[in-house]
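Remarks on the structure that follows.
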Amino acid sequence: MNEVNLEYIRHLKPKRHRPGKELVQEGVELGKTIKAGRSGFIRSQSKYSNHMEYKKDLAKQGKIYYNILLGLATLDDQIDAIKKIYDFTVETGLKVNCIQAIPSGLVALPREYREKAPATTSFEMFEMEDYERQASAAPIDITFNDYHLFSPNALENTIYAIQSGSPRVGDMTQFFWSYNGFDDEEKRLGDVVKALGIMASKRDEMFAAETYLDDGYPGYFLDCASYVGYALLEHYICTELCGARYTISFGGLLSENDTRAGVAMALDALMSTEEQPVLTYLNSSTNLQWDHHIHGNYGISVPEFLFEMLVEKKYHMSLGVNPVSITEKIKVPTLDELINILTAAKRTEEKAEEWLPYFNFEPLEEMRDVMVREGRILFDNVIEGFQHAGIDTEDPLEMLMVLKNMNPIRFEQMFHSSTYGTDKTQVEPFYPTVLGRQTMDMMQEIIDELDADNCTGSLAGKKIVVASGDAHTYGLVLVEGVLNAAGAEVVNGGVDMAPVDMLDLADEENTAIIGISCHNGQALDYARQLLELARERGKEYWIFMGGKLNAILPGDAEPTEIADRLMEMGIHAENDIKKTVRQIGELK
């Protein structure tokens, strides 16, 4: 590696911390005192002793495993929906194999931190009873991934999830996320490592730490092959350093069927064993969905289902389908919308095997082989580069602390085979990711339109701070690029910026112009906190917001668009970056 990159990594090495292996062992000892529960489906039958046996048997039979995401406004709504999904499966015979609970992001925080954090959509959980109510609502397996094993509340959430019988606990990529109001990252990641020790203590019972790749580093990558190399790094930390099982889901940001399948095949080739397949599910892609004439989105989803099913029926990788509602791009789906997309997937499977004799798998096998090769190279480069920089690659806590603070875009630039050991920073992808390319294309289209409107340079002399209120980054990349092209000086605060940090950044940079990207139903609370903090400081800021501007309002079970409410509060929420450029250009 060149000296600049080595010095960058050295700068990320924590000065001191508890030895990670000690924390793992503490977790293992704690785990031995915890009685693991049995999931809803496993309780209801006698053929399988654990979820992994069930999943492997489905693959052996050539049957598709179905996982759906469910996160409603209240816990009572959630329980009712689980029961209704099961009733639907009994009525139609269209079996659901697993429901993945999506609680509020507040669940990630210890209780004393929740009150000050912006509320999000979906239900909260506090006690073991809240887990058990879901696990026992119907004979369907329930898993707890988001905001659990890799959150600031990792220990409590992991224990509750295991006690409820959740066969997978996640989500590993979320170690990279930050959480408003919780700043002690050594404490948080130390608890994460200890929680991985708890998972290791349940290895023989087939409990696994789950990752969803698109939620973390891979969501920033230009090359699909980098997904594979990064997953090898997580696998190494989880299995080799902590002794826990590791499983993988992905797909929301990948919309080309061949690369989606190629990544899955490479992950399977590198990490699956006869005892345990590494794959869980391939998520429906969302970046090609329309936000108008939404029923047209079935035309994207169904071919994805068919393609994935053909690959699974050919290779028996235990790769499941996670069908995503056609409304995913614009709002949290209703129960009926989830059932509709599940039905489309299940009916697609009925015809899938008719296609098998006519399908040529050779191009996918070639793609798999390249991704296997490049994934190994990237992983080896990371270990070698970290060691040269003095990082203890045998310590899971040190590894996570370094990765937590590393720029994921720079990570790929440093360790990709096209750049490693050179002074180059431009990655040359073997199989480009779609969303990165789409973001760049959309950015250029907007810039061209601004040029045509003579807006080039209209923001010269304006300084603007921008950030994301959550972990989403592509919208932030687009906004920063457009504002730069319009001549502004843009200060990018990155992702997971709390309202107080956003105002602090604006004050430090001596500007009153602030841009926030929001998703996850947090926009209304985030705006309220910003404005309250601004009043306390006696300052006025010009604030614009974009992204998914919705929230669950009191008394409602589903999100409502709240752009009008934001504008009534004084926030510029038109969600139109071209209009925003013109508005900022008119400021004195």
Side-chain angles (χ1 to χ4, degrees), residues 219-223 253 255 287-288 291 329 407-413 419 424-429 432-497 502-503 505-519 523 530 541-549 563 566-567 571-588:
Y220 297 77
F221 290 163
L222 296 177
D223 193 349
L253 300 182
S255 56
N287 52 338
L288 291 184
D291 54 11
K329 187 171 183 179
N407 182 313
I409 296 172
R410 189 163 182 179
F411 173 91
E412 186 182 33
Q413 291 172 341
T419 54
K424 295 193 300 181
T425 60
Q426 185 58 53
V427 170
E428 298 174 10
T433 58
V434 174
L435 195 54
R437 185 168 62 231
Q438 285 182 332
T439 302
M440 296 302 109
D441 290 346
M442 188 182 302
M443 181 195 306
Q444 190 57 53
E445 180 180 335
I446 294 170
I447 291 170
D448 290 344
E449 291 176 6
L450 290 174
D451 286 345
D453 293 340
N454 296 315
C455 290
T456 303
S458 63
L459 301 188
K462 309 282 188 185
K463 180 184 280 190
I464 305 168
V465 296
V466 297
S468 176
D470 50 56
H472 293 82
T473 184
Y474 284 103
L476 182 60
V477 169
L478 184 146
V479 168
E480 180 184 15
V482 170
L483 295 176
N484 273 322
E489 179 185 350
V490 184
V491 179
N492 188 333
V495 298
D496 292 312
M497 282 285 280
M502 195 71 249
L503 294 188
L505 179 62
D507 292 347
E508 289 168 9
E509 296 294 338
N510 194 30
T511 181
I513 308 173
I514 297 173
I516 303 290
S517 173
C518 275
H519 296 73
L530 274 176
Y541 300 87
W542 199 93
I543 303 169
F544 65 98
M545 298 182 79
K548 273 191 181 178
L549 303 180
L566 292 173
M567 287 189 279
I571 303 290
H572 298 270
E574 293 86 355
N575 221 355
D576 181 341
I577 187 61
K578 290 179 289 185
K579 185 173 183 178
T580 299
V581 167
R582 288 191 285 270
Q583 290 174 330
I584 295 174
E586 294 169 0
L587 295 176
K588 302 300 182 184

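Position 1 is the first residue of the sequence, and the numbers go up from there.
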- line: On a heavy-atom basis, the closest approach of A573 and M567 is N-CG, 3.7 Å
message: For the CD atom of E489 and the CG atom of N484, what is their distance to the nearest 0.5 Å?
response: 9.0 Å
- line: In terms of heavy-atom contacts, F221 and P408 come closest through CE2-O, 3.6 Å
query: Roughly how far, to the nearest 0.5 Å, is CD1 of I446 from CG of D451?
result: 12.0 Å
CA sep, side-chain torsions, deciding dist, call: D448, E445, side chain to side chain contact (heavy atoms under 4.5 Å, CB included): CA-CA 5 Å; D448 290 344; E445 180 180 335; 5.6 Å; no
- prompt: Between CG of L222 and CD of Q413, what distance do you get to the nearest 0.5 Å?
  reply: 8.0 Å
query: Do the side chains of H572 and W542 get nearer than 4.5 Å, heavy atoms only?
result: yes
field: Partners passing side-chain hydrogen bond (donor to acceptor under 3.5 Å, both in side chains) against E428 (at least two apart in sequence or in another chain)
entry: K424
What side-chain donor-acceptor pairs closer than 3.5 Å can you find for residues 577-588, not counting sequence neighbours?
unit_1: K578; atom_1: NZ; unit_2: E449; atom_2: OE1; d: 2.4
unit_1: T580; atom_1: OG1; unit_2: D576; atom_2: O; d: 3.1
unit_1: Q583; atom_1: NE2; unit_2: E574; atom_2: OE2; d: 3.2

Exercise: identify the closest heavy-atom pair between G481 and M443: CA-SD, 3.7 Å
Give the table of side-chain donor-acceptor pairs shorter than 3.5 Å for residues 505-516, with sequence neighbours excluded, one pair per line with atom names and distance.
unit_1: D507; atom_1: OD1; unit_2: K539; atom_2: NZ; d: 3.3
unit_1: D507; atom_1: OD1; unit_2: Y541; atom_2: OH; d: 2.8
unit_1: D507; atom_1: OD2; unit_2: R537; atom_2: NH1; d: 2.7
unit_1: D507; atom_1: OD2; unit_2: K539; atom_2: NZ; d: 3.4
unit_1: D507; atom_1: OD2; unit_2: Y541; atom_2: OH; d: 3.3
unit_1: E509; atom_1: OE1; unit_2: K463; atom_2: NZ; d: 3.1
unit_1: T511; atom_1: OG1; unit_2: K463; atom_2: O; d: 2.5
unit_1: T511; atom_1: OG1; unit_2: I513; atom_2: N; d: 3.2

field: Flag, side chain of E412 to backbone of D223, donor-acceptor distance under 3.5 Å
entry: yes
statement: Scanning both residues in full, the closest heavy-atom pair of A523 with L566 reads O-CD2, 4.0 Å
- line: What one should report as the nearest heavy-atom pair of M545 and C518 is CE-SG, 3.4 Å
